A.B. asks: 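Mind having a look at this structure? Questions to follow.
A quick note: this is a predicted structure, and the numbers were derived from the prediction, not measured. Letters A, B, ... mirror the listed sequences (proteins, then strands); counts begin at 1.
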Amino acid sequence: MRTSELLFPTLREDPADTVVISHKLMLRAGMIRQLASGLYTWLPLGLRVLRRVENIVREEMDRAGAQEILMSGVQPAELWQESGRWQHFGPELLRLSDRHQRDFCLGPTHEEVVTDLVRREVNSYKQLPLNLYQIQTKFRDEVRPRFGVMRSREFIMKDAYSFHTSAESLVEGYQRMHDAYCRAFDRIGLDYRAVLADSGAIGGTGSQEFHVLADSGEDDIVFSTESHYAANIEKAQCIPEGTRAAPNEDLRRVETPTQKTIDALVRDFELPVTRTVKTLIVKAADGLEHAFIALIIRGDHTLNEVKAEHHPWIHAPLTFASESEVRSVMGAGPGSLGPLGCPIPMIVDHQAALCSDFGAGANDDGWHWFGLNWGRDLPEPVTDDLRNAVEGDLSPDGIGRVMIRRGIEVGHIFQLGTKYSEAMGAQVLDEQGRNVVMHMGCYGIGITRIVAAAIEQQHDQRGICWPASLAPFDVCIVPIGANKSPEVTTASDALMARLEALGFSVLIDDRNLGPGPRFADMDLIGIPVRLVMSPKTLEADQVEWKGRTDAEAELIPVDAVVARLTQVVRAQ
RNA sequence: CGGGGUAUAGCGCAGUCUGGUAGCGCAUCUGCUUUGGGAGCAGAGGGUCGUUGGUUCGAAUCCAGCUGCCCCGACCA
């Protein structure tokens, strides 16, 4: 390919309104252009990268025995009503109607469609297990699209769905997908982690997310320093540490007219933050005696909403009481709440339950209790794991302590079980001729997001540094001094033809520009290898070789290029 | 959904406070020169100033509505 014929509008200046580096570089490199909030057009260079990601994923899915299909992006409402998700999905589901006023949605995922297909076409256990996948455009009307293609509304996803006669078979299929994901991410060259995840509203028994580690990630990943334990912070268990010290202080009521926050309390009363607790009021699950539940966590901890939501006493989705509700239930406003005299059921975080001689609101505006102790001033608490892990906590597997890093979720695998097959009547006959409900798994990879994630991980001041597996071209050729010496053009064209004949993808920068802007553009778009040909190098039958991340270029014989390039491209 | 910002040439911006009919850099086009890290000279093209309405002799500028886009928040006791 010749740059003189390629649409790649590079930008010299930083575009406005970009906050993450991948978004900025994708715009500058002419890979994408924004069409509307969360919607992008992929230009030739960007599309080449996207296709490479797709192809790696496709090869690994095929290798794992999955079969590619293609389902419609527009889906009839009836299927979603059958699974119950027409009601439960929020405004994220873009609904529309056709000319006959029939309801449809733009598919954010395809469980319903694939389950419908399989219940019609698969009738016997002999046809299982079966894994179907597609690489397709999805639409989710995100609350706030941002970060370019990292959180866009329209995006390309590889989604696979497996069907099994038993839970055991599902576990096998799930493990097979796990391994295929690892192979794909290894080949792409990402620094990633498979982490335990919350299986969320989808339910099911097992779920893992694959995260690319990057500071710009939107999720917190909890790791052990000593073991292989890794989990999404939503899921990471917190193991209480230490034992509760015996009471040492007398209970006392202290006037705190201006201390409405833990910070203020700690600052003004020289109370260690680990001897404070905060009290949060949330809506109780339907059908309980009380309308609200108090949650108590240590002052320096934060509530884990996913854990809280899973508690049988607590309403899902988690809903905080409004200020007026807090006031009417507790008799005091936020900032003065506490466990002593609390009129509603309390759930206390494990670690908060180990506090002694602690301070908390008195349920009376402007007053706190200090020197509180469980079992003395308060009943022994009902406890649960309610908080987010923090760095330095004991690792949940008991080995080492935890660190927390940011991650970009690029894959998610689920054991769905029978949620959809049950709701939609997807059954087969087993060996005994009995109807059995199929067990299902689903497995997603964010193709477009991987492109951004790879850039987040591999770039420098000059631009993108593509891994060889994703680069839009394997190599670029920059001829210099072609106007003076026609031989430069002849020789670089010949080299391009030779490399292309061997299957390499080659970009030749034949634009009538000085070397500066061409070098800068080739660096920006991140081609792994740059070959420079000039009258000087040709005289010695040489070419200048520079890897994208090499500090210096070096001269090598023209005849050595093929061998060296083969090494680089195959080394991925 | 709440709060904030912003909208002027392809891109990045100034001009708005103090109303008088639009400018800078890059990019683009033409010609000549120029080829080892974002070239030089000379010339040229390109904007109903997001949109609707209002105030005014006169609006990019003042006022109101609408829309787009961006940011922050939606863990607070």
A.B. asks: Using the C1' atom on both, measure G65(B) against A27(B) and round to a whole Å.
C.D. replies: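 To the nearest whole Å, 37 Å.
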A.B. asks: With rounding to the closest Å, how many angstrom separate the P atoms on C70(B) and U61(B)?
C.D. replies: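 Nearest-Å result for C70(B) against U61(B) at atom P: 25 Å.
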A.B. asks: With respect to the side chain of P515(A), which nucleotide from C69(B), U35(B), G38(B) is positioned closest?
C.D. replies: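 Of all the options, the side chain of P515(A) is nearest to U35(B).
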A.B. asks: Please report the distance, rounded to the nearest Å, between CG in D349(A) and C1' in C75(B).
C.D. replies: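 Rounded to whole Å, this separation is 14 Å.
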A.B. asks: In whole angstroms, how far is the P atom of G68(B) from the CG atom of D17(A)?
C.D. replies: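 So the CG-P distance, D17(A) to G68(B), works out to 16 Å.
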A.B. asks: Is R449(A) close enough and on-axis enough to F155(A), meaning under 6.0 Å and within 45°, for cation-pi?
C.D. replies: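 That pair does not qualify as a cation-pi contact.
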A.B. asks: If you check every side-chain atom of R144(A), which of C72(B), C11(B), U35(B) has the closest atom?
C.D. replies: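 Looking only at side-chain atoms, R144(A) lies closest to C72(B).
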A.B. asks: Calculate the interatomic distance between R153(A) atom CZ and C70(B) atom P; express it in whole Å.
C.D. replies: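 So the two atoms are 9 Å apart, to the nearest Å.
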A.B. asks: Kindly point out which of G12(B), G38(B), U35(B) is positioned nearest to the side chain of I480(A)?
C.D. replies: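 Minimum distance to the I480(A) side chain belongs to U35(B).
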A.B. asks: Any side-chain N or O of S37(A) less than 4.0 Å from the OP1 or OP2 oxygen of C70(B)?
C.D. replies: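 It does, given that an N or O in the side chain of S37(A) lies less than 4.0 Å from OP1 or OP2 of C70(B).
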A.B. asks: Report the distance from atom CD of E554(A) to atom C1' of G36(B), rounded to the nearest whole Å.
C.D. replies: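 Going from CD in E554(A) over to C1' in G36(B) covers 17 Å.
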A.B. asks: Measure the spacing between CD1 of I314(A) and NZ of K307(A) and express it to the nearest 0.5 Å.
C.D. replies: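 Here the interatomic distance stands at 12.5 Å.
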A.B. asks: Going by purine N1 to pyrimidine N3 plus the second Watson-Crick contact, or the G-U wobble pair, all under 3.5 Å, which nucleotide sits opposite C32(B)?
C.D. replies: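 Across all strands, the one nucleotide that pairs with C32(B) is G40(B).
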A.B. asks: What is the distance, rounded to the nearest whole Å, between atom CG of L43(A) and atom P of G10(B)?
C.D. replies: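 Result: 17 Å.
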A.B. asks: Establish, yes or no, whether the cationic atom of R405(A) lies under 6.0 Å from the six-membered ring centre of F223(A) and within 45° of the ring axis.
C.D. replies: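 Geometry flag: not set, cation outside 6.0 Å or 45°.
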A.B. asks: Distance check needed: C75(B) P versus D263(A) CG, whole Å only.
C.D. replies: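 In whole Å, C75(B) P lies 18 Å from D263(A) CG.
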A.B. asks: State the pairing partner of G25(B); accept Watson-Crick or G-U wobble contacts with both distances under 3.5 Å, and report none otherwise.
C.D. replies: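 C11(B) is the nucleotide pairing with G25(B).
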A.B. asks: Atom CD1 of I262(A) to atom C1' of C76(B): distance rounded to whole Å?
C.D. replies: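 After rounding, the reported distance stands at 11 Å.
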A.B. asks: Which nucleotide, in any strand shown, forms a Watson-Crick or G-U wobble pair with G50(B), with both distances under 3.5 Å?
C.D. replies: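 For G50(B), the partner nucleotide comes out as C66(B), under the 3.5 Å rule.
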A.B. asks: With P as the reference atom in both, quote the distance from G10(B) to C66(B) in angstrom, rounded to an integer.
C.D. replies: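 Rounded to whole Å, the distance is 28 Å.
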A.B. asks: Would you tell me whether D357(A) and N373(A) have side-chain atoms, one donor and one acceptor, within less than 3.5 Å of each other?
C.D. replies: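 Note: D357(A) and N373(A) side chains meet the donor-acceptor criterion.
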A.B. asks: Could you list by number each residue of residues 18-28 of chain A showing a heavy-atom separation from RNA chain B of less than 4.0 Å, or answer none if no residue does?
C.D. replies: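 RNA chain B contact set from residues 18-28 of chain A: V19(A), R28(A).
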A.B. asks: If the C1' atom of A59(B) is compared with that of G54(B), how far apart are they to the nearest Å?
C.D. replies: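 Result for the C1' pair: 11 Å, nearest Å.
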A.B. asks: Using the P atoms only, state how far G53(B) lies from A14(B), rounded to an integer number of Å.
C.D. replies: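 That atom pair is separated by 29 Å.
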A.B. asks: May I ask you to list the residues of residues 329-347 of chain A, by number, that have any heavy atom positioned under 4.0 Å from an atom of RNA chain B?
C.D. replies: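 Here the set is P334(A), G335(A), S336(A), L337(A).
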A.B. asks: Is there a donor and acceptor pair, one atom on the side chain of D14(A) and one on the base of G12(B), closer than 3.5 Å?
C.D. replies: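 Answer is no: no donor-acceptor pair is held.
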A.B. asks: Would you kindly check whether a donor in the side chain of R530(A) faces an acceptor in the base of G36(B), or vice versa, at under 3.5 angstrom?
C.D. replies: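 Side chain to base: no pair below 3.5 Å.
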